Amino acid sequence: MLSRILVPMDNSEHASHALEYALENHPEADVTVLHVVGVPSMMMGEAVGLPLADDISEAAAEHAEAVFERAYEVADEHGREINTNVGIGHPARNILDRAEDYDTIVLGAHGADWSRATRQFLVGNVTETVSKRASVPVIIVH
């Protein structure tokens, strides 16, 4: 029986489905939703403003608000409570660094990068990395 589940989330449908799966299939488990605000790069325009903020942690928390609002809605629909946590940096590395604190990781097959031109290059990049390197079992939800 799983007692601690980590559900990494972005604003994708696959991430919402992963949270739904965790809540429905493991009703007794403590579920933690992790949103990682990436470091600035050419492909992550939203994160570019982080270094300009007076308090990076506060700015990251603000970026995570919309994702957590959706996560709380999903949890509410299932009559469950969840924990939330914000990470800063590379999503896969953040997830892997926290893996040992959980019994399993449940994540969507594709994240927010599942769009247009990036589709052929980045499809499931975080999911693939986590599933190959995690120290705990990984459940991938489509």
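As a basis for the values below, the full set of heavy atoms in this structure was taken, side chains included, without hydrogen atoms, waters or symmetry mates. These numbers come from a predicted model, not from an experiment.
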Original post:
Rounded to the nearest 0.5 Å, what separation is found between the NE2 atom of His26 and the CD1 atom of Ile139?
Top reply: 4.5 Å
Original post:
For the residue pair Ala109 and Thr127, what are the closest heavy atoms and their distance?
Top reply: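 That closest heavy-atom pairing would be O-OG1, 3.4 Å.
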Subject >> Short side-chain to backbone donor-acceptor contact, Asn85 and Leu34, under 3.5 Å >> reply: no
Original post:
Between Asn94 and Ile88, is there a donor-acceptor pair closer than 3.5 Å when you use the side chain of the first and the backbone of the second?
Top reply: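 Yes, the answer is positive, given that a donor and an acceptor are paired below the 3.5 Å cut-off.
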Original post:
Roughly how far, to the nearest 0.5 Å, is the CD atom of Glu128 from the CD1 atom of Ile140?
Top reply: 9.0 Å
Subject >> Interatomic spacing from CD in Glu73 to CZ in Phe68 - rounded to 0.5 Å >> reply: 14.0 Å
Original post:
Considering only heavy atoms from C-beta outward, does the side chain of Pro8 approach that of Val36 to under 4.5 Å?
Top reply: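 Contact flag for Pro8/Val36 side chains = no.
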Subject >> OG1 on Thr32 to CG on Asp101, rounded to 0.5 Å >> reply: 9.0 Å
Original post:
Pick one: which of Asn83, Val74, Val86, Leu19 meets side-chain contact (heavy atoms from CB on, under 4.5 Å) with Val33?
Top reply: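 Considering Asn83, Val74, Val86, Leu19, a side-chain contact (heavy atoms from CB on, under 4.5 Å) with Val33 is found only for Leu19.
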Subject >> Over 12 non-hydrogen atoms of neighbours within 6.0 angstrom of CD in Glu100 >> reply: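 Not more than 12 within 6.0 Å, no.
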Original post:
Would Asp30 and Arg4 pass as an ion pair if we require N to O under 4.0 Å?
Top reply: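 A salt bridge is absent here (no side-chain N lies under 4.0 Å from a carboxylate O).
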Subject >> Between Glu20 and His78: side-chain donor-acceptor atoms closer than 3.5 Å >> reply: no
Subject >> More than 12 heavy atoms from other groups under 6.0 Å of CD on Glu77 >> reply: yes
Original post:
Out of curiosity, Ile5 CD1 to Tyr21 OH, how far, rounded to the nearest 0.5 Å?
Top reply: 8.5 Å
**OP:** Flag the pair Met9 / Ser16 as yes when at least one side-chain heavy-atom distance between them is below 4.5 Å, and no otherwise.
**Re:** yes
Subject >> Rounded distance [0.5 Å steps], CG in Leu96 versus OG1 in Thr129 >> reply: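 The CG atom of Leu96 sits 7.5 Å away from the OG1 atom of Thr129.
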